Amino acid sequence: MTLAGGSRLTKNFARAVKRAKTAPSAAALLAWYDRNRREFPWRAQAGRRMEPYKVWLSEIMLQQTRVETVERYFVRFVARFPAVQALASARLGEVLKLWAGLGYYARARNLHACSREVVARFGGKFPSDEQALRTLPGIGVYTSAAIAAIAFDRKATPVDGNIERVISRLFAVETPLPKAKPELFAHASRLTPAARPGDFAQAMMDLGATVCTPKRPDCPRCPFVFSCEAYRQGMAESFPRRIAKAEGKLRRGAAFFVQRTDGAVLLRKRPLKGLLGGMTEVPGTEWASGFEISGSLIHAPLGVAWKKLPGRVRHIFTHFPLELTVYSATVPKGTPAPKGMRFVALNKLDSEALPTVMRKIVAHALDNQNR
DNA sequence: AACACGTGGAT
DNA sequence: TATCCAAGTGT
């Protein structure tokens, strides 16, 4: 962190901390947690047991996804599937619809598979220990520890991105991520108390989300300020060390927006595996680097008059940027959909498993086809 | 071990 | 506008 403004008060505070550095204590963190309790739809009231189903569902949704984004998805999801049995008896398509827009769609496929295994192998009750949880689809090292600690009060130490940041600062860990993971886990595990391990984990994550933030951490409000080595060095913001990933190469492609005169739009389903697996899409070409627009009409789903729309649809995936040219065509009412595709009424698009990039294509086409 | 896998909010 | 990156898992 920076000593904002360099005020005398702040400098004195920093000097006082240097003199008084103490060992970090879980008790201090838990006290902070109790004073700064945050309410979430999946979080029980203080002292109440959390439902394993809700803990599991929220943990899956929260993987690589911000709390503010997850909240409304979680509420909708629980309203539709109040318990693991309801989810297990649903079709995958129904689950993907509720997941559309949330990203990382393998999570939804694994969530569905996991619900069926919990019912089939564990009688509809989540197992409480990490080893057993770890055997379920979509539940990895982090999530198994999180469920064991938060739902079952087992002494387990989940380490997510927040906790990595908190710990790397607390101990000024110079090893860059992801190599530092074992070291960070060892530190976190040593700090985990036998009492309230679930609250401890949530407290660490809340601390990372609200105080020990990536940019401009609010160190004076931190219960660990007297223990933090990075702060003592005046270097909190420079942790965790990280090795930059190579950025993905631009890919291009074309999308074919077909609308019937009654308004219905032509859609199809993507293969179950891989990018946007199992989701609905607007028909299009492959996405490739070095893509040539000139030949793309060969791949069009119908032999009709195509109009190349002005502009492009741009979308950034985690591992590559995408640039799409959109072609549009209008066909008469009653035109049957080509094999493997279907026409869907425009006002029914909301209840389709359309990922964000596909919604962008539809919006771009509707904005531009009559210009 | 390294890469595939989405999206949107903050700065 | 560009960049970062968030409660990771599977292969």
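Letters go in sequence order (proteins before strands), and every chain restarts at 1. All figures in this text were calculated on a predicted structure; none of them were measured in a lab.
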- Item | Pairing of E281(A) and R268(A) as salt bridge, 4.0 angstrom limit |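 A salt bridge is present here (some side-chain N lies under 4.0 Å from a carboxylate O).
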
Interatomic distance where [atom1] belongs to [X] and [atom2] belongs to [N] [whole Å]:
X: N110(A); N: dA4(B); atom1: CG; atom2: P; answer: 19 Å
X: Q64(A); N: dT7(B); atom1: CD; atom2: C1'; answer: 11 Å
X: Q63(A); N: dC5(B); atom1: CD; atom2: C1'; answer: 12 Å
X: H319(A); N: dC5(B); atom1: NE2; atom2: C1'; answer: 5 Å
X: E237(A); N: dC5(C); atom1: CD; atom2: C1'; answer: 14 Å
X: I243(A); N: dC3(B); atom1: CD1; atom2: C1'; answer: 14 Å
X: R134(A); N: dG10(C); atom1: CZ; atom2: P; answer: 6 Å
X: L177(A); N: dC3(B); atom1: CG; atom2: P; answer: 16 Å

- Residue mapping more 5' on DNA chain B - nearest nucleotide basis, K215(A) or R107(A):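 Whichever sits nearer the 5' end wins; that is R107(A).
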
- Message: Let me spell it out: for each of R66(A) and F320(A), pick the nucleotide of DNA chain B with the closest heavy atom. Which residue's pick is nearer the 5' end?
- Response: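 First, find each residue's nearest nucleotide; the 5'-ward one identifies F320(A).
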
Which one, [options], comes nearest to the side chain of [X]?
X: H315(A); options: dG10(C), dT7(B), dG8(C); value: dT7(B)
X: R242(A); options: dC5(B), dT7(B), dC5(C); value: dC5(C)
X: K245(A); options: dC5(B), dT7(B), dA6(C); value: dC5(B)
X: F317(A); options: dG10(C), dT7(B), dG8(C); value: dT7(B)

With a 4.0 Å cut-off on heavy atoms, is [X] in touch with a base, just the backbone sugar-phosphate, or nothing at all?
X: G277(A); answer: nothing
X: R165(A); answer: sugar-phosphate
X: I60(A); answer: nothing
X: L276(A); answer: sugar-phosphate
X: V67(A); answer: base
X: T356(A); answer: sugar-phosphate
X: R109(A); answer: nothing
X: P178(A); answer: nothing
X: P158(A); answer: nothing
X: T143(A); answer: sugar-phosphate

- Task: Decide whether R43(A) and Q202(A) meet the rule of one side-chain donor and one side-chain acceptor closer than 3.5 Å.
- Result: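 R43(A) vs Q202(A): donor-acceptor pair found between side chains.
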
- Nearest heavy-atom pair of P158(A) and Y142(A): which atoms, and what distance?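 Closest approach of P158(A) to Y142(A): CB-CE1, 3.5 Å.
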
- Task: Would you verify whether the NZ or CZ of R76(A) falls within 45 degrees of the ring axis of Y73(A) while also being under 6.0 Å from that six-membered ring's centre?
- Result: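 Yes, R76(A) lies over the aromatic ring of Y73(A).
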
- Please confirm whether R35(A) makes a cation-pi placement over Y33(A), using NZ or CZ under 6.0 Å from the six-membered ring centre and within 45° of the ring normal.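 Verdict for Y33(A): no cation-pi partner in R35(A).
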
- Message: Take a 6.0 Å sphere around CD of E68(A) and say whether it holds more than 12 heavy atoms from other residues, nucleotides or ligands.
- Response: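 Enclosed: over 12 neighbouring heavy atoms sit under 6.0 Å from CD of E68(A).
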
